[in-house]
Undergrad: 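Have a look at this one before I ask anything.
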Amino acid sequence: MNEPRDENLPYAVIGNSRIGALIDERGAVNWMCVPRFDGDPVFCSLLDPEHPGGRFAIELEGCASIEQSYLRNTPILRTVMTDTRGATIEIFDFCPRFHQHGRLYAPVTMVRIVHRISGRPRISIDFSPRCEWGAREPQSTFGSHHIRIPIPSYALRLTTDAPLTPILERRKIYIEYGLTFILGPDETLADEPGETGRRLLAETKKYWLNWVRNLAVPFEWQEEVIRAAITLKLNTFDDTGAIIAALTTSIPEAPNTQRNWDYRFCWLRDAYFVVNALNRLGATGSMERYLGFIENIVAEAAGSALQPVYAVNGAAQLE
């Protein structure tokens, strides 16, 4: 694959401690694996930006400026685009995470909500998932309000209140009010996409504000410490307690080199530093789950020495 165009890789990260996605400065989702961090990348144009496909982009016709920021104390990304005539849209990107029915709800789901702020914005939608490590475009099918993506590792469904023809045929459309895109398991939503998206956004925002409120944040550099804590939290895999080094794989270590790494594994030493940092801020839940992860791999080792690195499911045999 080709080298990424920008060796600085200025990407925003969203996630929910089960999956994560990377979004570039133009609001395109260029990296996301399912059904977990080390799964098949359904969006993978980060690794081959010159090759069409492998992305989920919402592009504003005649775009003149783009601004991005996180909603304060959350990993919810807000992207504001303005065209040459002053028409403006905003996009909220996030992965749901909150407590529901007495349990933590963090599904294999990404939500994109588009609002018209002013003017008559016209957008195009490039929804081009891939599977088998970018080698193949899945043969999608569609219904009245959804597109089904039969990825072998995890069947997905994009449910939306946007018209499907412009998505399937990549035609431009005007936005009158707002559009919601919910990419998740191949299941029918209980409510219509707009209402579901608003609820997921509100509950996810509430969860993260409460999580940050319980941190023991130092007086100095508060915003930076909170943002770092959220980012570390997004790299924890709640299901097993593992902590990955990063969301990515196969990015060259330096320009014009074949040396690259898959960081979607749990290095025991590095994970300790993450746990220690979160503990100092009072976020002890990650430590408890990580200790459970350690206990399980020790039991599997049956007296043998531990490896430096394990898969997120605790497997010692690594590909």
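Residues take their numbers from the sequence shown, with the count starting at 1. The structure presented is a predicted model; accordingly, all values stated were derived computationally and were not measured. No hydrogens, no waters, no symmetry mates; every other heavy atom, side chains included, goes into these values.
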Undergrad: Going hydrophobic residue to hydrophobic residue with side-chain gaps under 4.5 angstrom, can you get from Leu168 over to Leu156?
TA: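 Yes, it is one cluster - the side chains of Leu168 and Leu156 are joined through contacts under 4.5 Å.
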Undergrad: Please check if Tyr263 and Ile251 belong to a single hydrophobic cluster, counting links between Ile, Leu, Val, Met, Phe, Trp and Tyr side chain heavy atoms closer than 4.5 Å.
TA: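 No, it is not one cluster - the side chains of Tyr263 and Ile251 are not joined through contacts under 4.5 Å.
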Undergrad: Are any of the side-chain nitrogens in Glu176 or Arg120 under 4.0 Å away from the carboxylate oxygens of its partner?
TA: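 Looking at Arg120 together with Glu176, the answer is yes, because their closest N to O distance falls below 4.0 Å.
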Undergrad: When rounded to the nearest 0.5 angstrom, what is the spacing between CG in Leu158 and CE in Met110?
TA: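 So the gap between those two atoms works out to 8.0 Å.
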Undergrad: Can you tell me how far the CG atom of Asp270 sits from the CD1 atom of Ile243, to the nearest 0.5 Å?
TA: 10.0 Å
Undergrad: Looking at Arg26 and Asp24, does any basic side-chain N land under 4.0 Å from a carboxylate oxygen?
TA: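 Salt bridge: no.
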Undergrad: Determine whether His99 and Tyr105 make a side-chain contact, defined as any pair of heavy atoms from C-beta on separated by less than 4.5 Å.
TA: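 Side-chain contact under 4.5 Å: no.
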Undergrad: Could you walk me through whether Asp191 and Thr196 pass the side chain to side chain donor-acceptor pair (under 3.5 Å) check?
TA: CA-CA 6 Å; Asp191 298 310; Thr196 300; 4.6 Å; no
Undergrad: Sub-3.5 Å donor-acceptor pair from the side chain of Asn16 to the main-chain atoms of Pro96, do we have one?
TA: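 Pair found, side chain donor or acceptor close to backbone of Pro96.
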Undergrad: Distance from Arg55 atom CZ to Asp126 atom CG, nearest 0.5 Å?
TA: 5.0 Å
Undergrad: Does Glu67, at its CD atom, have more than 12 non-hydrogen atoms belonging to other residues, nucleotides or ligands within less than 6.0 Å?
TA: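 No, because the 6.0 Å sphere around CD of Glu67 holds 12 heavy atoms or fewer from other groups.
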Undergrad: Parallel, tilted or perpendicular for Phe181 and Phe56, by the 30°/60° rule?
TA: perpendicular
Undergrad: Please answer: with hydrophobic residues joined when any side-chain heavy atoms are less than 4.5 Å apart, are Val274 and Trp261 in the same cluster?
TA: no
Undergrad: Is the count of non-hydrogen atoms from other residues, nucleotides or ligands lying under 6.0 Å from Arg136 atom CZ greater than 12?
TA: yes
Undergrad: Is Arg18 reaching over with its side chain to a backbone N or O of Ala106, donor-acceptor style, under 3.5 angstrom?
TA: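 Such a contact is found between Arg18 side chain and Ala106 backbone.
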Undergrad: Would you confirm whether Thr88, through its side chain, and Ser118, through its main-chain N or O, come within 3.5 Å as a donor-acceptor pair?
TA: no
Undergrad: Are the side chain of Asp48 and the backbone N or O of Cys44 linked by a donor-acceptor pair below 3.5 Å?
TA: no
Undergrad: With the side chain counted from C-beta on, respond yes when Asn260 and Glu253 share a heavy-atom pair under 4.5 Å apart, and no when they do not.
TA: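 Sidechains of Glu253 and Asn260: no contact.
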Undergrad: Side-chain contact, heavy-atom cut-off 4.5 Å: Gln68 with Arg78?
TA: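 No, side chains not in contact.
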Undergrad: Ignoring hydrogens and angles, tell me if any N or O in the side chain of Tyr290 forms a donor-acceptor pair with the backbone of Leu268 under 3.5 Å.
TA: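 Yes: the side chain of Tyr290 pairs with the backbone of Leu268.
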Undergrad: Step through the shown structure and confirm whether more than 12 heavy atoms of other residues, nucleotides or ligands are within 6.0 Å of CD on Glu223.
TA: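 No.
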Undergrad: Does a side-chain heavy-atom distance below 4.5 Å link Trp31 with Leu47?
TA: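 The answer is yes, as the side chains (C-beta and beyond) meet within the 4.5 Å cut-off.
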Undergrad: Closer than 3.5 angstrom, by distance alone: can the side chain of Tyr70 be matched with the main-chain N or O of Val13 as a donor-acceptor pair?
TA: yes
Undergrad: Please walk me through it: do Arg157 and Asp186 pass salt bridge (charged side-chain N to carboxylate O under 4.0 Å, His left out)?
TA: CA-CA 5 Å; Arg157 177 182 295 215; Asp186 185 20; 2.8 Å; yes
Undergrad: Please determine whether the number of non-hydrogen atoms from other residues, nucleotides or ligands lying under 6.0 Å from atom CD of Gln100 exceeds 12.
TA: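 For Gln100, atom CD is crowded (more than 12 foreign heavy atoms under 6.0 Å).
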Undergrad: For atom CZ of Arg199, decide whether the heavy atoms of other residues, nucleotides or ligands shown that lie under 6.0 angstrom number more than 12.
TA: yes
Undergrad: Are Ile297 and Phe265 connected in the hydrophobic side-chain network, where two residues link if heavy atoms are under 4.5 Å apart?
TA: no
Undergrad: Has Arg148 got its NZ or CZ under 6.0 Å from the middle of the six-membered ring of Phe142, at an angle within 45 degrees of the ring axis?
TA: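 Pair Arg148/Phe142 does not count as cation-pi.
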Undergrad: Going by heavy atoms in the side chains, are Arg170 and Ser128 under 4.5 Å from each other?
TA: yes
Undergrad: First locate atom CG of Leu318, then atom CG of Asp262, and finally report the distance between them rounded to the nearest 0.5 Å.
TA: 9.5 Å
Undergrad: Determine whether a donor-acceptor pair (N or O, by modelled atom type, separation under 3.5 Å) exists between the side chain of Glu169 and the backbone of Arg171.
TA: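 Checking the backbone N and O of Arg171 against the side chain of Glu169, no donor-acceptor pair under 3.5 Å is found.
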Undergrad: Test salt bridge (charged side-chain N to carboxylate O under 4.0 Å, His left out) on Glu195 and Arg198 and set out the steps.
TA: CA-CA 5 Å; Glu195 176 59 32; Arg198 286 188 291 271; 3.4 Å; yes
Undergrad: Take Asp239 and Arg36 through the test salt bridge (charged side-chain N to carboxylate O under 4.0 Å, His left out) and record every step on the way to the result.
TA: CA-CA 10 Å; Asp239 195 52; Arg36 63 189 193 197; over 6 Å; no
Undergrad: So Phe92 and His115, would you call those rings parallel, tilted or perpendicular, with 30° and 60° as cut-offs?
TA: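 The rings of Phe92 and His115 stand perpendicular, inter-plane angle above 60°.
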Undergrad: Should Leu201 and Leu104 be regarded as members of a common hydrophobic cluster, given that ILVMFWY residues are connected when their side-chain heavy atoms come within less than 4.5 Å of each other, either directly or indirectly?
TA: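 Shared cluster, yes.
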Undergrad: Distance-only, no hydrogens or angles: does the Asn235 side chain make a donor-acceptor pair with backbone N or O of Thr231 under 3.5 Å?
TA: yes
Undergrad: Test your reading of the model: is there a side-chain donor-acceptor pair from Ser17 to the backbone of Asp238, 3.5 Å cut-off?
TA: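 No; judged by distance alone, with no hydrogens or angles, the pair does not exist.
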Undergrad: Quick one, Tyr207 with Arg97, criterion side chain to side chain donor-acceptor pair (under 3.5 Å). Give me CA distance, side-chain angles, the key distance, then yes/no.
TA: CA-CA 7 Å; Tyr207 169 87; Arg97 180 182 173 89; 3.0 Å; yes
Undergrad: What orientation do Trp208 and Trp211 show, parallel under 30°, tilted 30 to 60°, or perpendicular over 60°?
TA: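 Taking Trp211 first and then Trp208, their aromatic rings stand perpendicular (interplane angle over 60°).
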Undergrad: So do the side chains of Phe43 and Pro129 get within less than 4.5 Å of each other, counting heavy atoms only?
TA: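 Phe43 reaches Pro129 side chain to side chain.
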Undergrad: Does Ala254 offer a backbone N or O that forms a donor-acceptor pair with the side chain of Thr257 under 3.5 Å?
TA: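 No: the side chain of Thr257 does not pair with the backbone of Ala254.
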Undergrad: In this structure, are over 12 heavy atoms from other groups packed under 6.0 Å from Tyr272 atom OH?
TA: no
Undergrad: Give, for atom CD1 of Ile182 and atom CD of Glu187, the distance between the pair rounded to the nearest 0.5 Å.
TA: 12.5 Å
Undergrad: To the nearest 0.5 Å, what is the distance between CD1 on Ile167 and OG on Ser140?
TA: 11.5 Å
